[in-house]
Amino acid sequence: MRLYLLCCALLLSACGPDPIVVTAPPPQVPADLLRGCAGWTGPVPNTEGQLSDALVAELRGRHCANGRIVSIAEILNPSGPR
């Protein structure tokens, strides 16, 4: 009789909603990686030297931004392709 009650309890426990699927939250990304990178912040270049300075500043800003994107991608997807 005890086995019968145990089997009934097990069968009743199988009838119910599907189990809850728990997923881990994504890893935290440091706040300094979420800030923008500064490019050229000066006035509109008028001379060839100022234009050269502006282009170099923009290039550095873009390299900084691309490096941050790669770092964030490695944090969020550590085993994936780059």
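P45 has its side chain out of reach of D53: every pair of non-hydrogen atoms, C-beta onward, lies at least 4.5 Å apart.
With sequence neighbours left out, L33 forms a side chain to side chain contact (heavy atoms under 4.5 Å, CB included) with V29, P30, R68, S71, I72, I75.
Note: the hydrophobic cluster containing V70 does not contain L34 (ILVMFWY, side chain heavy atoms under 4.5 Å, direct or indirect links).
Cluster partners of W40: none. The rule joins Ile, Leu, Val, Met, Phe, Trp and Tyr whenever side-chain heavy atoms lie under 4.5 Å apart, and it links nothing here.
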task = Step by step, work out the side-chain contact (heavy atoms from CB on, under 4.5 Å) result for L51 and T47.
result = CA-CA 6 Å; L51 181 62; T47 64; over 6 Å; no
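For residues 23-64, the pairs satisfying disulfide bond (SG atoms under 2.5 Å apart) are C37-C64, with sequence neighbours left out.
Distance alone, capped at 3.5 Å, places no donor-acceptor pair between the E58 side chain and the A54 backbone.
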